[in-house]
Student: 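Structure below; questions to follow.
Please read all numbers here as calculations on a predicted model, not as lab measurements. Naming convention: chains lettered A, B, ... in sequence-line order (proteins, then strands); numbering from 1 in each chain.
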Number of protein chains: 2
Amino acid sequence: MRSINIGILGLGTVGCGTAELLQRNAELISRRVGADIRIAAVVDRDLERPRPVSFPPESMTTDARRVIADPDIDIIVEVIGGVHPAREFIIEALQQGKNVVTANKELIAKHGSEILDVAGRYGRDFLFEASVGGGIPIIGPLKSSLIANRIEKILGIVNGTTNYILTSMSSVGKDFADVLREAQAMGYAEADPTSDVDGYDSAYKLAILSAIAFNTRIRIEDIYCEGIRGISSKDIAYAAELGYVIKLLAVARPFDGQVEARVHPAMLPVDHPLASVNDVFNAVWLRGDGVGDLMFYGRGAGSLPTGSAIIGDVVESARNIINGASGRISCTCFDKLNIRPISDISLKYYLRLQVADKPGVLASLAGVLGDHTVSISSVVQKSGGDMAELVIITHEVEEKNVQAAIGVLREMNYVSEVSSLIRLEEE
Amino acid sequence: MRSINIGILGLGTVGCGTAELLQRNAELISRRVGADIRIAAVVDRDLERPRPVSFPPESMTTDARRVIADPDIDIIVEVIGGVHPAREFIIEALQQGKNVVTANKELIAKHGSEILDVAGRYGRDFLFEASVGGGIPIIGPLKSSLIANRIEKILGIVNGTTNYILTSMSSVGKDFADVLREAQAMGYAEADPTSDVDGYDSAYKLAILSAIAFNTRIRIEDIYCEGIRGISSKDIAYAAELGYVIKLLAVARPFDGQVEARVHPAMLPVDHPLASVNDVFNAVWLRGDGVGDLMFYGRGAGSLPTGSAIIGDVVESARNIINGASGRISCTCFDKLNIRPISDISLKYYLRLQVADKPGVLASLAGVLGDHTVSISSVVQKSGGDMAELVIITHEVEEKNVQAAIGVLREMNYVSEVSSLIRLEEE
C-alpha cells in the first residue's frame, strides 16, 4: 500500500490532537483512503515536555527547515499558530513541492492570498478546513458541494468562548466579568481573552468564509469588529422578554457591489436555527440562491475536533498526490469587492437608556430619534424612583443615523446614560 | 477555457432544477471552476411538455442511449428516478468511460454496490450527494472532511414530507389523516404517500449513509422500517408534557460487530439539536470519535436545492476529468456487517394504554411488565368515566421483551387497547 508521509510542525494542543486521532484510527483511515498516512516527522521547540501522544524518537526534531526540505515528506501540517514563522515555513514548504495543511486562521486571514498565490504557482494544495469552525466541515462544502450557489448571506457563531459566556449569562443571569472568570477557571477562556471576547478571532474566520463565499480578497482591517464586553445580563433578560437571544455573530453578505462583513453581538429571534446553538458549540448558517437555508453545527475548537478537520485535509491532499492532481482546487478570490462601512448598513436596533421619569421625556426622545430618521417600532418603560429605564426597538435605519441620534441623546439633560445599543439580525 | 459537457437524463423537477441553476449561475460557476460546464444534451420521453427552462432544440432528444454513447459527453446526470432503466443507463455510461452523477436514492440503496464496482473497474466517478438530504452536503463531508472519525451514531430527519406532517400535528393538534390531506393539497405530500409516510424513503437514505459511515454493504430489506401513520395528536401532546418531540428518525450505529439501522417515529428530548428541525427541513446529526457532535441542516428536497447538490457533484467530477483523476475516491464498503435485528435492540419506550379504572389494575400491569424485565421509569394516569389512559415510560430494555409484554397485555380483560408504542432516542 502506498504511504503518504506527513511532517507536523508544532506539537501543541492541535498538533497532538491530530497525531492522537491519526494514530488511534490509523488502520480505519488507511483502509478508507487506500494509503497509509504516516507521521514521518514532528517538530517542536521543546521535545521534552510531557504530551498525551508519543512518537518514535528518530521522528522528533527541533529543526523545522530540515523537515520542510526532506524529500521523503509529502505533506506539511502547520499547527504552530501565529503569523511568524508559520508564514515563512508554509511558503518554503510549497516552494519545496509539498502540499500544506493548516489550522492557522490568523495567518490565512492576513496572508491567505499571498500563500494561495505561491501554492498556485507551484501547483500545490494549501488547505485550511480546520481554520473555521474546528471540526465542522464548511470550507470544503463551500468549495465543492455548494459551488453552484450565489451565497446571499452568512451568519456564524464561530467563537466557542464567547458563545459559552453568553449562554452562561443567559441561563444564570450573571454578568460578563463573573462568567468570564469562571470560563477562565474551566479552561474555556484564555488568561488573555482579548482575541475571543473582543471579536478578533471571529473576524479572522469571517474573513476566510467571506473570501471563499464571495470570491473576493478581504482585508481583515476592514471588518467591523465589536466584542461582548458591553453586554449585560439586563440586555439578555430584555432580549428574552422580546423573543430574542443575544449571540456574537459574524455576518457577511454581498450588497450593491460591496460586501458587508461585521462581527458584533446581535439579537436573533428565538426561532432562528442559530438561536439554540449553545455553550461552546459553533454553527455557520448560510443562504444560497439554489440550496436555500443551510446550517452546519458542531464543536468549533478542541484538539480532536480540530485534528479531525486537519486529517480530512491531509487525506484530500494525499488523494491528490496519489492521483497526480495536487493543486486540483485553486484559489477563487478573483474579485476585489470593497467592504461596506458599518455606518452605511441598515439594520434594526435595540437601545437601552436611563432617563428622568418626567412628563414629556419620551416625546422629546422620540423627537430626537425622528429628526435622525430613526423610527420606533416598540418601547418598554420601567420606572424606579425618579429614573426610568427605556428599551426601544427601532425600525430599519442606517447605522450612521442611529449613532448621530445617540450622540445628541447623550447630551440631553434628562438622559443619564445610553446603556446599550445592540443590532438586530432577523433572518 | 476548457469545456465539460454534460448530458442530463430526465427533465422532471430535479432535472429542470439542475439546468435552471446551472444556466442562471453559469458565469459564476465557470469562474469558480476554471471550466465551462455545458449542458450538451438533455433526454426525456416527452420533449413537448412545458418546462420552466428551455434548451436549444438540437440538444434535446428522446434517445438516452445516443447521449450515453456520444463521445463528446463527459458526464451523465441521471435524474430519471426509479430502478429501471436508470440502472442500465448508468452502467452503460460508466462502461463508455463517462462519469456519472445521480440523485436516485432508491437505485443506490438497492444497487449501489454493483454500480460502484463497475465505476471502480472503469476508473470512473459515481457521485450521489443529492440522494440524501437534498441540497445538504453530507456524503462529501463523510468521505473527506470526517474521514478520520469512527462514526458512533447517526440520527437523521431525512424526509421532509413526514417532518412537515409531524410539525403541523404538533403545532395545530390535528390528527395524521387531516394533516396528510392538507400536505397533499399544498404539494408537500404525493398522491400516493406510501414511500414517505411509511418510512421507505428514509430507509433508502439511511442505507446510503450507513454504508458510507460504517464501510459496509447494507441490504435495504434488513432495515427495520416503521412510518408515522400510527402517531396520534394525543401522543404528540403527551410527548410535549414529558419534554419530548416526536420525529421520524433514521437511526444507525455500530454495535458489537453489527450495525443498528432502523427507521421509526421516536421521542427526542426537546433540547436535542434535531428537536427544533421543523417543517420540510431535513437534518443529519452524527457523533464521531474525533469530531464529537455535528449536525447538518437544510432543505432536503426541491428542484433547486437538489440541483445545487447535483451541480456540486458535477463540478467534483469535472475537476477530476480536468486533472486526469476520475475515480479519485473509490467505494469504501469493505466490510460486511450484519444488521442487528430490531428485537435485540435495547431502548427506552413510551407506551400508551386504555385500561379499566379499577383498583389493582396498575399493579397487575406492572407485574406483567416486570415478568418481561420491563421496568417502569414513570407513569401518568388520566381517568375518564370507568376507563383510564395510562402513559408509561420504561427504563432501557430489549425490544423483544417489550413486544412480548404487550402481547400479554393485549389479552388481559382490563386492557381495552394498547394505543401506542414509541421508542425514545435520548442522545
Student: Please classify the contact between A/Asn278 and chain B as side chain, backbone, both or neither, with a heavy-atom cut-off of under 4.5 Å.
Tutor: neither

Student: Name the member of B/Cys331, B/Gly307, B/Gly312, B/Ala283 that forms the most heavy-atom pairs with chain A at distances under 4.5 Å.
Tutor: B/Gly312

Student: Nearest 0.5 Å, please: how far is CG in B/Leu28 from CG in A/Asp289?
Tutor: 8.5 Å

Student: Return the SG to CZ distance between A/Cys333 and B/Arg32, rounded to the nearest 0.5 Å.
Tutor: 10.5 Å

Student: How long is the span from the CG atom in B/Leu146 to the CD1 atom in A/Ile136, to the nearest 0.5 Å?
Tutor: 10.5 Å

Student: Mind ranking A/Pro137, A/Ala26, A/Gly327 by heavy-atom pairs under 4.5 Å with chain B and telling me who comes out on top?
Tutor: A/Pro137

Student: Taking every heavy-atom pair that is under 4.5 Å apart, which of A/Val277, A/Thr332, A/Val315, A/Leu21 has the most such pairs with chain B?
Tutor: A/Leu21

Student: Looking at CE of B/Met295 and CZ of A/Phe296, how far apart are the two atoms once the value is rounded to the nearest 0.5 Å?
Tutor: 11.5 Å

Student: May I ask you to check whether A/Asn323 and B/Asn323 show a side-chain donor-acceptor distance below 3.5 Å?
Tutor: no

Student: Just give me the residue among A/Asp271, A/Ile29, A/Ile311, A/Val291 that pairs up with chain B most often, heavy atom to heavy atom, under 4.5 Å.
Tutor: A/Val291

Student: If only side-chain N and O atoms count, and only distance matters, is there a donor-acceptor pair under 3.5 Å linking A/Arg31 with B/Asn215?
Tutor: no

Student: For A/Arg299 and B/Asp293, indicate whether the former's side chain and the latter's backbone hold a donor-acceptor pair under 3.5 Å.
Tutor: no

Student: Of the listed residues (A/Leu294, A/Leu304, A/Ile310), which shares the most heavy-atom pairs with chain B below a 4.5 Å separation?
Tutor: A/Leu294

Student: Do you know which of A/Gly288, A/Ala148, A/Gly140, A/Gly135 has the most heavy-atom pairs with chain B at a distance under 4.5 angstrom?
Tutor: A/Ala148

Student: Calculate, to the nearest 0.5 Å, the distance between atoms CZ and CG belonging to A/Arg328 and B/Asn320 respectively.
Tutor: 4.5 Å

Student: Rounded at 0.5 Å granularity, tell me how far OG in B/Ser145 sits from CD1 in A/Ile138.
Tutor: 10.5 Å

Student: Report which part of A/Ser276 has an atom under 4.5 Å of a heavy atom belonging to chain B: side chain, backbone, both, or neither.
Tutor: side chain

Student: Less than 3.5 Å apart, any donor N or O on the side chain of B/Asn149 or A/Asn25 sitting next to an acceptor on the other?
Tutor: no

Student: Is it true that A/Lys143 and B/Glu316 make a salt bridge, defined as a side-chain N closer than 4.0 Å to a carboxylate O?
Tutor: no

Student: Heavy-atom pairs under 4.5 Å with chain B: which of A/Gly298, A/Ser144, A/Ser303, A/Gly134 has the most?
Tutor: A/Ser144

Student: Let me know if A/Ser308 has heavy atoms under 4.5 Å from chain B in its side chain, its backbone, both or neither.
Tutor: both

